[in-house]
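Note sheet for the following structure.
Model, not experiment: these values are computed from the prediction. Residue numbers start from 1 in every chain, and the chains themselves are labelled A, B, ... in the order their sequence lines are given, proteins ahead of strands. Only heavy atoms go into these numbers, but all of them, side chains included; no hydrogens, no water, no symmetry mates.
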2 protein chains.
Amino acid sequence: MRTTSVADQVTRAALELFATQGYATTSVQQIVEAAGVTKGAMYHYFQSKDDLLFAIYERMLSLQKSRLDEIMARGGAVEEVLRTVCVDVIETSIDFLPEGTVFFRSMHMLTAPRRQEVVRRRREYHDQFATLIERGQAEGVFRTDVPRSVLIAHFFSDVHYLSHWYSPEGPEDKTEVAQQITDLFLRSIRANGGGATDG
Amino acid sequence: MRTTSVADQVTRAALELFATQGYATTSVQQIVEAAGVTKGAMYHYFQSKDDLLFAIYERMLSLQKSRLDEIMARGGAVEEVLRTVCVDVIETSIDFLPEGTVFFRSMHMLTAPRRQEVVRRRREYHDQFATLIERGQAEGVFRTDVPRSVLIAHFFSDVHYLSHWYSPEGPEDKTEVAQQITDLFLRSIRANGGGATDG
DNA sequence: GGCAACGTACCGTCCGGTCGGTTTGGTGAG
DNA sequence: CTCACCAAACCGACCGGACGGTACGTTGCC
């Protein structure tokens, strides 16, 4: 496992530096020094600095997508499926908090083809989420007086914002926060104004 | 008004370029070319590239803060005050959409003292918002079973996320969206599960 | 003539990426 | 076991160029 160690160390160091300093202000030299390797070694495993950034996104995107696929394949009542999806994406986003920070801050720095690939993957997730909302609306459980795009944005905004306020060292528990946010969201999109707030 | 024209043009050009390309990847040369001025002229009005970024934030922050002060000074029932505040910050955030993009993406690139100043200003707004929630909770109109920090983050996430999905050219109307998002938020934080959704 | 408002040429620095060379780890013949 | 051999892994000095910022000259208005 010696060969992957270098790539791993570099990825780890890059993630931390990108998260704290930003992509553009982090030099390749800094990364390789933090990783304890040389520039030559790094360029042996990665094509470019850009490649490093993409690798970080890749890992997070593919994991979240595969989890979404699995949950939706299980089926069930639309509101319960949606609840599971919401809790899951919030929890995994907390697990990948540094990745999220880098993601939303530096995605626009990717070269065009790679950025398009990332956008495509994100849209896939987004669209799948949208079908859930649509189903719920068709069944009459979710409100239709607010545009679907607004409802969807209203949820993803929470996911997005996590890296700006949530701290694993803070008082809030990951699982609880995920349920609380999901609860706030579900209550706000239900067709009738009321409803209990079971976990 | 000839003297301010240069500074204005530069600020405008910088804002647009920062929003589309990011701060770090935009060179001073690009900015001055887009503004139709020279580098010398720019450095006559701004101390540094950093200064340009701060000026963009400054404008947005001071405007939103003064509007918040005014609304809260008017007083009224806590839920109505909060509603007004929410609608206002969403609408002004839409008015300042490019600023928002640059803000959340490049704030961490500011030099330490300036970044601290920005953080301080943001916290002021944040704290004032928190007192409103607190008052509502004390009066029994807002729920207390979810941590206040989560409720607050749940709202600001929407404000934050606007620059990622909202487009003035899109189908959504600014005023409507502001009311819809506010509505979703208020419904989710009310103490009882129900309630009408007046605009 | 004096001062603010610019214009321009240039500097020191740093950065992503490269490239020729060296080390290392595995293999198979003897 | 040994040694020749090779490919992959790795090293690090170096390059071309871009960038932020400055020094100093020039203009034009009072």
Side-chain angles (χ1 to χ4, degrees), chain A residues 1-58 102 105-115, chain B residues 1-58 102 105-115:
Chain A
M1 232 27 80
R2 254 294 177 76
T3 57
T4 57
S5 156
V6 169
D8 252 26
Q9 289 282 74
V10 170
T11 309
R12 219 183 302 274
L15 173 60
E16 190 181 325
L17 286 167
F18 289 166
T20 55
Q21 308 185 349
Y23 173 77
T25 47
T26 300
S27 70
V28 173
Q29 197 61 41
Q30 270 184 290
I31 296 170
V32 297
E33 273 168 21
V37 303
T38 62
K39 215 194 264 195
M42 192 222 100
Y43 273 97
H44 181 73
Y45 290 101
F46 298 94
Q47 293 177 18
S48 60
K49 188 186 176 186
D50 182 89
D51 200 18
L52 232 44
L53 192 56
F54 185 75
I56 291 171
Y57 298 163
E58 228 294 322
V102 176
R105 199 185 267 169
S106 306
M107 190 176 53
H108 65 289
M109 301 254 188
L110 280 174
T111 51
R114 291 221 160 112
R115 188 173 57 245
Chain B
M1 229 31 77
R2 252 297 175 73
T3 57
T4 56
S5 157
V6 169
D8 252 26
Q9 289 283 75
V10 170
T11 309
R12 219 184 303 274
L15 173 60
E16 191 180 326
L17 286 168
F18 289 166
T20 54
Q21 307 185 350
Y23 173 77
T25 48
T26 300
S27 71
V28 172
Q29 196 61 40
Q30 270 184 290
I31 296 170
V32 297
E33 273 169 20
V37 303
T38 62
K39 216 194 266 195
M42 191 219 100
Y43 273 98
H44 181 73
Y45 290 100
F46 298 93
Q47 293 177 19
S48 60
K49 188 186 175 186
D50 183 89
D51 200 19
L52 230 46
L53 192 57
F54 185 75
I56 290 172
Y57 298 162
E58 227 296 321
V102 176
R105 199 185 268 168
S106 306
M107 190 176 53
H108 65 289
M109 301 254 189
L110 280 174
T111 52
R114 292 219 158 112
R115 189 174 56 244

Comparing A:Y23 and A:G40 on DNA chain C - which has the more 5′ nearest nucleotide =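 The answer here is A:Y23.
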task = Tell me what A:S27 touches on the nucleic acid: a base, only sugar-phosphate, or nothing, going by heavy atoms under 4.0 Å.
result =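 The answer is sugar-phosphate, as A:S27 gets under 4.0 Å only of primed atoms, P, OP1 or OP2.
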inquiry  = So A:T26, base contact, sugar-phosphate only, or nothing? Heavy-atom distance under 4.0 Å.
reply    =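 Since only primed, P, OP1 and OP2 atoms lie under 4.0 Å of A:T26, the category is sugar-phosphate.
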inquiry  = Filter on ring-ring contact (aromatic ring centres under 6.0 Å, His included), then keep only pairs touching residues 9-34 of chain B, sequence neighbours left out; what's left?
reply    =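 Those involving residues 9-34 of chain B are B:F18-B:Y23.
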Let me know the distance between [atom1] of [X] and [atom2] of [N], rounded to the nearest Å.
X	N	atom1	atom2	answer
B:Q21	D:dC19	CD	P	10 Å
A:H44	C:dT22	NE2	C1'	14 Å
A:M42	C:dC15	CE	C1'	13 Å
B:Y45	D:dG21	OH	P	19 Å
A:I31	C:dC15	CD1	P	11 Å
B:Q29	D:dG20	CD	P	9 Å

Is there a donor-acceptor pair under 3.5 Å between the side chain of [X] and the backbone N or O of [Y]?
X	Y	value
B:Y45	B:D8	no
B:R105	B:A19	yes
A:S27	A:Q30	yes

ask   = Got a sec, which residues hit side-chain hydrogen bond (donor to acceptor under 3.5 Å, both in side chains) with B:R115, two or more places apart in sequence or on another chain?
value =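 With neighbours one apart ignored, the set is empty.
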key: side chain to side chain contact (heavy atoms under 4.5 Å, CB included), paired with A:F46, selected from A:V10, A:V28, A:L53   =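 The single option meeting the side chain to side chain contact (heavy atoms under 4.5 Å, CB included) with A:F46 is A:V10.
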query = Between the base of C:dG7 and the side chain of B:K39, is there a donor-acceptor distance below 3.5 Å?
reply =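 Answer no: no donor N or O sits under 3.5 Å from an acceptor.
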request  = Report yes if at least one side-chain N or O of A:Y43 is closer than 4.0 Å to OP1 or OP2 of D:dG12; otherwise report no.
outcome  =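 Negative; the distance criterion is not met.
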key: Residue A:V28, side-chain heavy atoms: nucleotide from C:dC6, D:dC11, C:dG16 that is nearest   =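 Minimum distance to the A:V28 side chain belongs to C:dG16.
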query = For DNA chain C, which residues in residues 46-57 of chain A have a heavy atom at a distance below 4.0 Å?
reply =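 Only A:S48, A:K49 qualify.
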B:F54 vs B:S48 side-chain heavy atoms within contact, under 4.5 Å =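 SC-SC contact between B:F54 and B:S48 ruled out.
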